[in-house]
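All values derive from a computational prediction rather than experimental measurement.
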Amino acid sequence: MRRMDENVSVSINRTGEPVGFLWRNSTYRVQTKPIRWFAHRDWWLEAATVRRGVGAGVLEVEMWRMVASKAEAPEQKTQFEILHTAPSADGSKAIWRLVKVYD
């Protein structure tokens, strides 16, 4: 397993599940149904920057685990974990970050 911290561009289906993503100039297609869960951010690093009174869920992030392969090499499957931060009311955009690659 390699820990990563890189932005990725993710394509989703109509239910919000990732179906593909662009990482390091390669297009990946999701090969299995993605698994979704929620995790806490590193609150000890970020709590000081959170605006008071915005709610308990502010330090939670959506996580997705999936098996995907490069479009040009579908037989080579790799497992990925991608963090998703939804857009907020203050106008910030959604963020998708690749956080783990299981080789």
**Q** Under a 4.0 Å N-O cut-off, is there an ion pair linking E17 with R36?
**A**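 Here E17 does not pair with R36 in a salt bridge, since their nearest N and O are not under 4.0 Å apart.
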
**Q** Does one hydrophobic cluster hold both V10 and M63, with members joined at side-chain heavy-atom distances below 4.5 Å?
**A**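 Unlinked, V10 and M63 end up in two clusters.
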
**Q** Begin from the C-alpha positions of V101 and T78 and carry the test side chain to side chain contact (heavy atoms under 4.5 Å, CB included) through to its verdict.
**A** CA-CA 7 Å; V101 177; T78 305; 3.7 Å; yes

**Q** Answer yes or no: is there a donor N or O on one side and an acceptor on the other, between the side chain of R97 and the main chain of D5, under 3.5 Å?
**A**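 Indeed, once roles are kept as given, a pair shorter than 3.5 Å links the two residues.
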
**Q** Is there a path of hydrophobic side-chain contacts, each under 4.5 Å between heavy atoms, that joins V61 and W96?
**A**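 Cluster IDs for V61 and W96 differ.
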
**Q** Please report the interatomic distance CG(L83) to CG(N7), rounded to the nearest 0.5 Å.
**A**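 Answer rounded to 0.5 Å: 10.0 Å.
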
**Q** Once you measure the plane-to-plane angle for Y28 and F80, does it fall in the parallel (<30°), tilted (30-60°) or perpendicular (>60°) bin?
**A**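 Rings of Y28 and F80: perpendicular, over 60°.
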
**Q** Only one of E75, Q31, K77 forms a side-chain hydrogen bond (donor to acceptor under 3.5 Å, both in side chains) with S69, so which one is it?
**A**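 The option that passes is Q31.
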
**Q** Look up atom CD1 in I82 and atom CE in M66, then write down how far apart they are to the nearest 0.5 Å.
**A**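 It comes to 4.0 Å.
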
**Q** Any chance you could lay out the side chain to side chain donor-acceptor pair (under 3.5 Å) test for W23 and E6, step after step, and finish with the verdict?
**A** CA-CA 8 Å; W23 176 49; E6 298 181 30; 2.8 Å; yes

**Q** Under the side chain to side chain contact (heavy atoms under 4.5 Å, CB included) criterion, do F21 and R29 qualify, and how do the steps go?
**A** CA-CA 7 Å; F21 57 94; R29 292 192 179 123; over 6 Å; no

**Q** Not counting sequence neighbours, which residues clear side-chain contact (heavy atoms from CB on, under 4.5 Å) with V19? List them please.
**A**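 For V19, the residues satisfying side-chain contact (heavy atoms from CB on, under 4.5 Å) (neighbours in sequence not counted) are S11, N13.
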
**Q** Once you round to the nearest 0.5 Å, how far does NE2 of H84 lie from CD1 of I12?
**A**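 Spacing of NE2 (H84) from CD1 (I12) equals 7.0 Å.
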
**Q** In Å, rounded to the nearest 0.5 Å, how long is the span from CD1 of I35 to CH2 of W64?
**A**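 Between I35 CD1 and W64 CH2, I get 10.0 Å after rounding to 0.5 Å.
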
**Q** Mind checking what makes salt bridge (Lys or Arg N to Asp or Glu O under 4.0 Å) contact with R2, not counting sequence neighbours?
**A**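 Salt bridge (Lys or Arg N to Asp or Glu O under 4.0 Å) list for R2, sorted by chain: D103.
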
**Q** Using the side chain to side chain contact (heavy atoms under 4.5 Å, CB included) rule, take E62 and W37 through it: C-alpha gap first, then chi angles, then the decisive distance, then the call.
**A** CA-CA 6 Å; E62 181 180 38; W37 76 96; over 6 Å; no

**Q** In Å, rounded to the nearest 0.5 Å, how long is the span from CD of Q79 to NZ of K100?
**A**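 Rounded to the nearest 0.5 Å, the CD-NZ separation comes to 10.0 Å.
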
**Q** Taking only residues two or more places apart in sequence, or in another chain, which ones meet R3 in a salt bridge (Lys or Arg N to Asp or Glu O under 4.0 Å)?
**A**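 Per chain and number, R3 pairs via salt bridge (Lys or Arg N to Asp or Glu O under 4.0 Å) with no residue.
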
